[in-house]
Protein chains: 2
Amino acid sequence: MGRRSDHTREELHAMIVREGHRQLSEVGFARFSAREVAKRIGYSIGTIYNVMGSLDALMLAINGHTLDLWRAALEDRLAGQSENRLAQAIAAYFDFASHHRHAWTALYDFRLPENEVPPPDYTARVTAITDVVVREVAAALPPARRAEAQPLARSLLATVHGHCFFALNGTFRLLGETDPLAAALARVEDAISAH
Amino acid sequence: MGRRSDHTREELHAMIVREGHRQLSEVGFARFSAREVAKRIGYSIGTIYNVMGSLDALMLAINGHTLDLWRAALEDRLAGQSENRLAQAIAAYFDFASHHRHAWTALYDFRLPENEVPPPDYTARVTAITDVVVREVAAALPPARRAEAQPLARSLLATVHGHCFFALNGTFRLLGETDPLAAALARVEDAISAH
DNA sequence: GAAGAAAATGAACACCGTCTAATTCTTAAA
DNA sequence: TTTAAGAATTAGACGGTGTTCATTTTCTTC
């Protein structure tokens with residue numbers, strides 16, 4: 001068959017990403033399949049490849065969509081809040097991860113082949129989230145130390161990520177930690193106080 | 001064929017795990033294949049399944065082996081050190097991860113199906129590593145606060161993990177962080193000081 | 001030697017990502 | 001209106017995967 005008048009190329013691209021995200025959220029990265037996405041949207045596997053190029057490109061697009069949702073959730077949570085903004089941001093971090101387990105986990109399960117580099121629009125999405133955190137860390141620091149916000153924010157992002165990761169992958173359960181969010185908040189507080 | 005006089009069942013099990021670990025270290029989790037392991041040790045795919053039971057069981061055994069090596073590397077590094085032991089342990093954490101990239105990453109890439117639970121001998125290996133950290137954290141705390149060592153150690157483990165993970169997966173490079181180990185050490189120092 | 005147990009096999013199955021020749025539809029020119 | 005060009009879509013082929021299990025081979029024991 002040829003063109004289908006009901007979908008432009010762009011709409012089809014969006015359909016694939018949305019349905020891919022849906023499927024990823026349901027079955028997780030390990031069981032994700034491009035063929036299944038094709039089946040669900042009523043196109044053949046070949047079309048997925050024509051539109052997306054490769055499975056890696058599809059995964060990047062899906063993870064990019066997850067990052068968009070994540071940043072939106074972060075900013076929604078912060079909107080209008082004037083106190084404890086950093087703590088709110090961290091809670092939102094945990095919230096998103098646990099409400100979107102599979103999609104969030106896939107951000108880290110999927111990796112491009114050794115030498116390849118992610119496209120600019122993907123890295124832009126990562127830095128967009130980081131920038132939100134940098135802003136809040138800067139606001140939490142005494143004015144004289146605001147210059148240190150960027151490196152500190154990177155480090156605190158890693159700190160929170162580690163706690164969130166251990167919370168979701170079962171490590172904390174195994175080790176008897178029952179309140180991972182509180183632990184993460186405590187570590188961030190330690191760091192901010194030290195500055 | 002039947003028995004091969006040159007390998008007991010136990011030796012064969014060990015061969016599979018060792019060769020599996022070798023292959024995993026070379027190609028990484030995404031490209032790991034049980035069939036390839038069989039080919040390499042000169043047995044058929046069926047034998048792998050007879051001996052290991054399933055791919056999941058094989059992965060658990062391989063990851064268990066990685067954990068053994070990791071703990072050994074940790075304890076080797078600490079042996080005889082009397083100063084900065086906690087910092088040494090963290091450096092060893094980073095060292096092992098970067099010298100065994102693929103094997104270390106596979107510890108977190110691989111996940112058992114939703115409901116299943118890891119076998120006791122696997123969780124024992126995880127807690128064995130944790131215990132080393134708990135010990136060192138306890139030693140770094142003032143005697144009056146040693147009771148808090150366990151929860152704090154869990155949290156610091158997550159902190160260091162997050163930094164190590166971001167260092168290896170490229171997030172830190174993307175964000176401009178050039179010394180992830182130093183950042184991790186700084187966060188741990190902040191936490192210890194706060195106690 | 002024969003019999004039984006243990007070990008090892010490899011073909012069969014249902015998936016997967018990837019590629020490409022062939023097909024179908026749309027559009028614009030003649 | 002017919003037709004040629006071009007874009008979109010398909011389906012099948014290919015080589016790979018994990019998994020199962022009836023069958024074959026080997027070893028041990030009597």
Side-chain angles (χ1 to χ4, degrees), chain A residues 1-17 19-24 26-63 102 106 109-114 116, chain B residues 1-17 19-24 26-63 102 106 109-114 116:
Chain A
M1 309 173 188
R3 285 179 207 167
R4 294 187 184 181
S5 55
D6 51 344
H7 295 306
T8 69
R9 206 67 177 177
E10 234 174 289
E11 287 170 343
L12 185 48
H13 187 286
M15 264 183 69
I16 293 172
V17 173
E19 189 59 47
H21 189 270
R22 199 189 323 275
Q23 205 220 322
L24 179 64
E26 290 174 15
V27 306
F29 179 69
R31 300 195 195 286
F32 178 83
S33 140
R35 282 184 126 102
E36 183 62 27
V37 173
K39 214 176 285 179
R40 292 217 206 176
I41 62 172
Y43 279 79
S44 78
I45 174 64
T47 298
I48 303 280
Y49 275 78
N50 288 340
V51 175
M52 305 302 303
S54 69
L55 183 70
D56 285 0
L58 172 55
M59 280 307 308
L60 275 172
I62 293 175
N63 279 351
H102 285 147
D109 283 341
F110 172 69
R111 239 156 285 130
L112 245 22
E114 304 279 347
E116 282 179 49
Chain B
M1 309 170 190
R3 287 180 205 163
R4 294 186 183 181
S5 55
D6 51 345
H7 296 306
T8 68
R9 206 66 176 177
E10 234 175 288
E11 286 169 344
L12 184 49
H13 188 283
M15 264 183 69
I16 293 172
V17 173
E19 190 59 46
H21 189 270
R22 199 188 324 276
Q23 206 221 321
L24 178 65
E26 289 174 15
V27 306
F29 180 69
R31 300 195 197 285
F32 178 83
S33 140
R35 282 185 127 102
E36 183 62 26
V37 173
K39 215 177 284 180
R40 291 215 207 177
I41 62 172
Y43 278 81
S44 78
I45 176 64
T47 298
I48 302 280
Y49 275 80
N50 288 342
V51 174
M52 304 303 303
S54 70
L55 185 69
D56 286 0
L58 172 57
M59 281 308 309
L60 276 173
I62 293 174
N63 279 351
H102 285 147
D109 283 340
F110 172 70
R111 239 156 285 131
L112 246 21
E114 304 279 349
E116 282 178 51

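First the proteins, then the strands, lettered A, B, ... as listed; each starts at 1.
- Taking atom CD1 of residue A/Ile16 and atom P of nucleotide D/dA8, one finds them 13 Å apart after rounding to whole Å.
- Distance A/Lys39 NZ to D/dT10 P: 14 Å, rounded to the nearest Å.
- Atoms CZ (B/Phe32) and P (D/dT17) sit 11 Å apart, rounded to a whole Å.
- For the pair A/Tyr49 and A/Leu55, the minimum side-chain heavy-atom distance is below 4.5 Å.
- A donor N or O paired with an acceptor N or O is found under 3.5 Å between the base of C/dA8 and the side-chain atoms of B/Asn50.
- Within the 4.0 Å cut-off from OP1 or OP2 of C/dC16, at least one side-chain nitrogen or oxygen of A/Ser33 is found.
- In this structure, CD of A/Glu36 is placed 10 Å from P of C/dG17, rounded to the nearest angstrom.
- Between B/Leu55 atom CG and D/dG16 atom C1' the separation is 14 Å, expressed in whole Å.
- Contact check for B/Thr47 versus B/Ile41: no side-chain heavy atoms found under the 4.5 Å cut-off.
- Under 4.0 angstrom from either OP1 or OP2 of D/dT10 there lies at least one side-chain N or O belonging to A/Thr47.
- Judged by distance alone, with hydrogens and angles left aside, the side-chain atoms of B/Glu11 form a donor-acceptor pair with the main-chain N or O of B/Thr8 at under 3.5 Å.
- Scanning atom types as modelled, one donor and one acceptor separated by under 3.5 angstrom connect the side chain of B/Arg35 and the base of D/dG18.
- Rounded to whole angstrom, the span from the CD atom of A/Glu11 across to the P atom of D/dA8 amounts to 13 Å.
- For the pair B/Phe32 and B/His102, the minimum side-chain heavy-atom distance is 4.5 Å or more.
- B/Met52 has its CE atom 14 Å from the P atom of D/dG18, to the nearest Å.
- Put simply, CD on B/Glu19 and CD on B/Glu36 are 9.0 Å apart, with the number rounded to the nearest 0.5 Å.
- Rounded to whole Å, atom C1' of D/dA8 lies 6 Å from atom CZ of A/Arg9.
- Residue contacts for A/Ile45: at a heavy-atom cut-off of 4.0 Å it reaches a base atom on one of the strands shown.
- Under 4.0 angstrom from either OP1 or OP2 of D/dT9 there lies at least one side-chain N or O belonging to A/Tyr43.
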